[in-house]
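Here's the structure, in structure tokens; my notes come after.
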Amino acid sequence: TRPPTDKSIYSEKDHINNLNELKKRKVKVYLRDNFHVKLVVIDNKISYVGGVNVLSAKSDSVDVMLKLENEDFAEILLEKAGPPRPEEMF
């Protein structure tokens, strides 16, 4: 996801709260400002790809997210995203 201070974030406070909730649940979140794809991979098997800003979506926006359950596809997405740099870890 984008860093909370990014100008495109709808609510910095909500974004930080969401990030902290995910961190408490041991979810790995990477802060990237140069990666436009909205992507979530769960257990290296379930992938969500689309236009929804997962951590900062507005309730009045109309958008689409595709869910795929396929380990090969999840692996390809993670390869395309590349490994996180230390400064991207939240």
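The structure presented is a predicted model; accordingly, all values stated were derived computationally and were not measured.
For His15 (side chain) and Arg2 (main-chain N/O), a donor-acceptor pair under 3.5 Å exists by modelled atom type. Using a distance-only test at 3.5 Å, with no hydrogens or angles considered, no donor-acceptor pair links the side chain of Arg25 to the main chain of Asn20.
Inter-residue side-chain proximity for Pro4 and Leu19 is flagged as met; some heavy-atom pair is nearer than 4.5 Å.
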Salt bridge (Lys or Arg N to Asp or Glu O under 4.0 Å) between Glu71 and Lys45, intermediate numbers included: CA-CA 4 Å; Glu71 291 180 22; Lys45 181 171 72 175; 5.4 Å; no
Lys67 and Glu69: CA distance, side-chain angles, deciding distance, salt bridge (Lys or Arg N to Asp or Glu O under 4.0 Å) verdict: CA-CA 7 Å; Lys67 176 185 177 185; Glu69 293 188 36; 3.3 Å; yes
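Linking ILVMFWY side-chain heavy atoms closer than 4.5 Å, directly or via other members, places Leu66 and Leu39 in a single hydrophobic cluster. One hydrophobic cluster holds both Leu31 and Val27 under the rule that ILVMFWY side chains link at heavy-atom gaps under 4.5 Å. In this structure, Ile76 is not a member of the same hydrophobic cluster as Val40, with clusters built from ILVMFWY side-chain heavy atoms closer than 4.5 Å. Val64 and Tyr48 fall into different hydrophobic clusters, where Ile, Leu, Val, Met, Phe, Trp and Tyr are joined by side-chain heavy atoms under 4.5 Å apart, directly or via other members.
Rounded to the nearest 0.5 Å, atoms OG1 (Thr5) and CD (Glu12) are 6.0 Å apart. Separation of atoms CG (Leu77) and OG (Ser47) is listed at 5.0 Å; rounding is to 0.5 Å.
With a 6.0 Å cutoff to the six-membered ring centre and a 45° limit on the axis angle, Lys23 counts as a cation-pi contact of Phe90.
The only member of Val41, Leu78, Val49 that meets side-chain contact (heavy atoms from CB on, under 4.5 Å) when paired with Phe73 is Val49.
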